[in-house]
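One structure below.
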Protein chains: 2
Amino acid sequence: MLFKHNAKQARQTNPAPAMPHTYDYARPALTVDLVVFAFDDTDPELKVMLIERGLNPFKGQWALPGGFVHVGEAVDAAARRELEEETGLKKIYLEQLGTYGAPDRDPREHVVTVAHFALVNLHGHTVQASTDAANAAWFPVVDPPTLAFDHPQILDDALTRLRNKVRYVPLGFELLPPRFPLRSLQSLYETVLGKELDKRNFRKKILQMDLLIETNQIEKDVAHRAAKLYKFDKKKYDRMTKKGFNFEL
Amino acid sequence: MLFKHNAKQARQTNPAPAMPHTYDYARPALTVDLVVFAFDDTDPELKVMLIERGLNPFKGQWALPGGFVHVGEAVDAAARRELEEETGLKKIYLEQLGTYGAPDRDPREHVVTVAHFALVNLHGHTVQASTDAANAAWFPVVDPPTLAFDHPQILDDALTRLRNKVRYVPLGFELLPPRFPLRSLQSLYETVLGKELDKRNFRKKILQMDLLIETNQIEKDVAHRAAKLYKFDKKKYDRMTKKGFNFEL
DNA sequence: CCAAAAGTGTTAAAACTACACCCATGA
DNA sequence: TCATGGGTGTAGTTTTAACACTTTTGG
């Protein structure tokens, strides 16, 4: 596992007793897959979580984490369940990305998957490539390993969505710890958008939205002047959104 | 049917022989649903296509058109198939909206549906509420009848998507005939965005994008000065998009 | 000749972009 | 005292928003 707790392996959690079910018409199988992004502040780069497959097809290759949707379980709930199993974290930002249903995307049979993307912040958690027993690891999104199934496409779509959405929805904060210096926020935007931003203009713009609360804390353990830490005022954002405000970087 | 040809009814097109299929684990059923929008230039208002249900559950109520995804058929292909069956039109703009998978959304069993939204233009086709045998009809999106299943939610989400997307993707043209006067385009934007736009500013902005080709035709049968007709230069738009251009109204 | 919509420029305000230096801190 | 990033303002340019009249056409 990537984080401290020891959740069960994900791809094996189909729970119901193996009692056959019969339908008049053939049905595709239904799964969820997860594109879990994290931002590495120190690199800085965007990472994606991948799982090394223990079974065929694509045994030994890397793939997005995911699993079957149980009957009677909401699709989004299935995604959240898988996400918690993989990361051990609750309250993670999660949204549906899209559904991938080409009949040949899984060589075994027709498997339709509902892809989601999630944003986590790494806090104090160590991030390293290729960690432990479960063979989950973080990879740079710009240079991932060969991926199983149509996961390259899904990853690409997720990245496109993130890049577009981050400009007009305050998603960036989901990738940072609750309190962060402005430099981290700028660095995140620069990484996601793939271009440099002017420091003064960036600070001016983000501060005059009046959505960041200045805390009385400052950075620790930095070898230079410590920056003030800010937190995002989500409640205020929600209120302003209802009144027609548009976040726009 | 809404249009001239006579396609088969949609909800009955599950084709394979009724030969039972058995799986180790229960599977949700998988369907596609369609939110088909059209713009009525003369009203002007946005319309959505609905079907009156002939069977339970929700018999006699209105619902979004849709049907089952066949095994071996891509999900998006299923949506397009249903769309063609309903409208008789090919080459319609179609995109995936999202997947709705709450276990109780269909009272019979767990049915997961992949919703799509489509944009058609009504050309010379007559538009009227409650037409013919198949009981398909256009309704104003702002005041639809009571809808079956979770279709109110889906319709609402589709509308939200359209309103947001129309601002930065040239979707509007899909709702107009190939050649249209600027007034129709403006009227469409005003309807979708729900606010009035300044005529001079609108024309200035849209024309200086240089994506509209002035044709040598003018409106016919209008009781006032006839306006020039324009067409959208999709090829140029595609080229410009690749070079980093962003449509933005 | 009337009604209805087409078509057309200018100006003021706001937003955006580019740009450089001093300050605080820890090593 | 040096290296590192924190923090700050202004001026030129571009973009947006507000606004009214003349022209054309059919009835």
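Throughout, protein chains are lettered first and strands after them, A, B, ... in sequence-line order, and every chain is numbered starting at 1.
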Sequence-distant partners of A/Phe173, ring-ring contact (aromatic ring centres under 6.0 Å, His included), two or more places apart:
A/Phe180, A/Phe232

Could you check how far [atom1] of [X] sits from [atom2] of [N], rounded to whole Å?
{"X": "B/Phe180", "N": "C/dA6", "atom1": "CZ", "atom2": "P", "answer": "14 Å"}
{"X": "B/Asn201", "N": "D/dA20", "atom1": "CG", "atom2": "C1'", "answer": "13 Å"}
{"X": "B/Ile206", "N": "C/dT8", "atom1": "CD1", "atom2": "P", "answer": "15 Å"}
{"X": "A/Tyr230", "N": "D/dG7", "atom1": "OH", "atom2": "C1'", "answer": "9 Å"}
{"X": "A/Leu197", "N": "C/dC19", "atom1": "CG", "atom2": "P", "answer": "15 Å"}
{"X": "B/Gln208", "N": "C/dG9", "atom1": "CD", "atom2": "C1'", "answer": "13 Å"}

A/Asn121 side chain vs A/Leu176 backbone, donor-acceptor pair below 3.5 Å:
yes

Please state whether the phosphate of C/dA6, meaning OP1 or OP2, lies under 4.0 angstrom from any side-chain nitrogen or oxygen of B/Lys228.
no

Phosphate OP1/OP2 of C/dG7: any B/Arg203 side-chain N/O under 4.0 Å:
yes

For [X], check side chain to side chain donor-acceptor pair (under 3.5 Å) against everything at least two apart and list the hits.
{"X": "A/Tyr230", "result": "none"}
{"X": "B/Thr113", "result": "B/Thr31, B/Asp33"}
{"X": "B/Glu219", "result": "none"}
{"X": "B/Glu174", "result": "none"}

Protein N or O to nucleotides 12-14 of chain D N or O, pairs below 3.5 Å:
none

Enumerate the salt bridge (charged side-chain N to carboxylate O under 4.0 Å, His left out) contacts for residues 180-208 of chain B, please, sequence neighbours excluded, ordered by first and then second residue.
B/Arg183-B/Glu190

Measure the CZ-OH distance between A/Arg239 and A/Tyr237 for me, rounded to the nearest 0.5 Å.
13.5 Å

Can you name the side chain to side chain contact (heavy atoms under 4.5 Å, CB included) partners of A/Ile92, sequence neighbours left out?
A/Leu83, A/Thr87, A/Leu89, A/Ala118, A/Val120

Nucleotides 20-27 of chain C: protein proximity per nucleotide (B base, S sugar-phosphate only, - neither; heavy atom, under 4.0 Å)
B--BBBS-

With hydrogens left out and only the distance checked, is there a donor-acceptor pair under 3.5 Å joining B/Lys204's side chain and the base of D/dT15?
no

Quick check on DNA chain C: between B/Pro181 and B/Asp198, whose nearest nucleotide comes earlier from the 5' end?
B/Pro181

